[in-house]
Amino acid sequence: MEGVMAMTGASFAAAPAGESSVYCPQMPLAFLKSGDAARIVKVRGKGDVHHHLENLGFVEGAAVRVVSEQAGNFIVEIKGAQVALDRSVASKIITAAA
């Protein structure tokens with residue numbers, strides 16, 4: 001996907017015994033900074049908000065990039081569209097390094 005920047009400085013650590021040998025840290029979208037890119041791991045929550053986010057393209061495996069972040073409000077790019085989210089909604093979207 002053109003225009004998506006890869007996260008730099010992401011660290012990988014060994015997974016607990018009995019699991020995959022590569023561990024990719026997961027964090028809410030609300031923890032990303034302007035310019036960061038990630039993949040969506042899951043969307044927490046139920047009901048209308050969850051359904052609305054899925055309709056906007058926030059589904060498992062989708063690439064997302066933070067265009068800007070100010071005062072807890074985010075503009076993110078997902079599937080070629082820019083979407084505005086507040087911190088509470090961004091906290092429901094769990095991501096991992098792209």
Side-chain angles (χ1 to χ4, degrees):
M1 176 182 270
E2 188 174 324
V4 175
M5 297 171 54
M7 286 181 64
T8 58
S11 62
F12 296 93
E19 295 182 16
S20 173
S21 62
V22 176
Y23 175 73
C24 187
Q26 297 178 358
M27 68 182 79
L29 178 62
F31 288 7
L32 300 179
K33 302 295 180 204
S34 184
D36 288 349
R39 290 234 173 249
I40 296 175
V41 175
K42 64 183 169 185
V43 179
R44 297 185 304 183
K46 297 180 182 176
D48 292 339
V49 172
H50 185 267
H51 184 68
H52 184 64
L53 288 171
E54 284 182 336
N55 287 337
L56 290 172
F58 292 91
V59 294
E60 184 178 330
V64 63
R65 182 176 65 90
V66 178
V67 176
S68 69
E69 181 270 327
Q70 283 188 334
N73 297 310
F74 294 82
I75 296 177
V76 299
E77 184 175 317
I78 185 158
K79 297 190 175 188
Q82 291 188 352
V83 179
L85 303 171
D86 68 11
R87 181 166 295 282
S88 66
V89 173
S91 295
K92 295 179 187 295
I93 302 167
I94 306 304
T95 63

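Both backbone and side-chain heavy atoms feed into the values below; hydrogens, waters and symmetry mates do not. If you read the sequence from its start, that first residue is 1, and numbering goes on from there.
- Looking at every heavy atom in both residues, K79 comes nearest to G57 through CE-O, 3.8 Å.
- Expressed to the nearest 0.5 Å, how far CG of L32 lies from CZ of R65 amounts to 12.0 Å.
- Side-chain contact between L29 and L85: present, with at least one pair of heavy atoms (C-beta onward) separated by less than 4.5 Å.
- If you chain together ILVMFWY residues whose side-chain heavy atoms come under 4.5 Å of each other, I94 ends up grouped with V41.
- Going from atom CD of Q26 over to atom CD1 of I40 covers 12.5 Å, rounded to the nearest 0.5 Å.
- The side-chain hydrogen bond (donor to acceptor under 3.5 Å, both in side chains) analysis of residues 50-59, with sequence neighbours excluded, yields the pairs H51-N55.
- For the atom pair CZ of F74 and CD1 of I93, the computed distance is 9.5 Å after rounding to the nearest 0.5 Å.
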Original post:
Is there a side chain to side chain contact (heavy atoms under 4.5 Å, CB included) between V89 and L53 once you walk through the steps?
Top reply: CA-CA 9 Å; V89 173; L53 288 171; 3.8 Å; yes
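- Under the side chain to side chain contact (heavy atoms under 4.5 Å, CB included) criterion, N73 pairs with D86, not counting sequence neighbours.
- Qualifying salt bridge (Lys or Arg N to Asp or Glu O under 4.0 Å) partners for R87, counting only residues two or more places apart in sequence or in other chains: E69.
- Both F58 and V49 belong to a single network of hydrophobic side chains, linked directly or stepwise wherever heavy atoms of I, L, V, M, F, W or Y lie under 4.5 Å apart.
- Neither V59 nor V66 shares a network with the other; the hydrophobic side chains, linked directly or stepwise wherever heavy atoms of I, L, V, M, F, W or Y lie under 4.5 Å apart, form separate groups for each.
- Closest approach of S34 and S68 over heavy atoms only: OG-CA, 3.7 Å.
- Applying the side-chain hydrogen bond (donor to acceptor under 3.5 Å, both in side chains) rule to pairs touching residues 89-98 yields nothing, sequence neighbours excluded.
- For Q82, the side chain to side chain contact (heavy atoms under 4.5 Å, CB included) partners are V67, I75, E77, not counting sequence neighbours.
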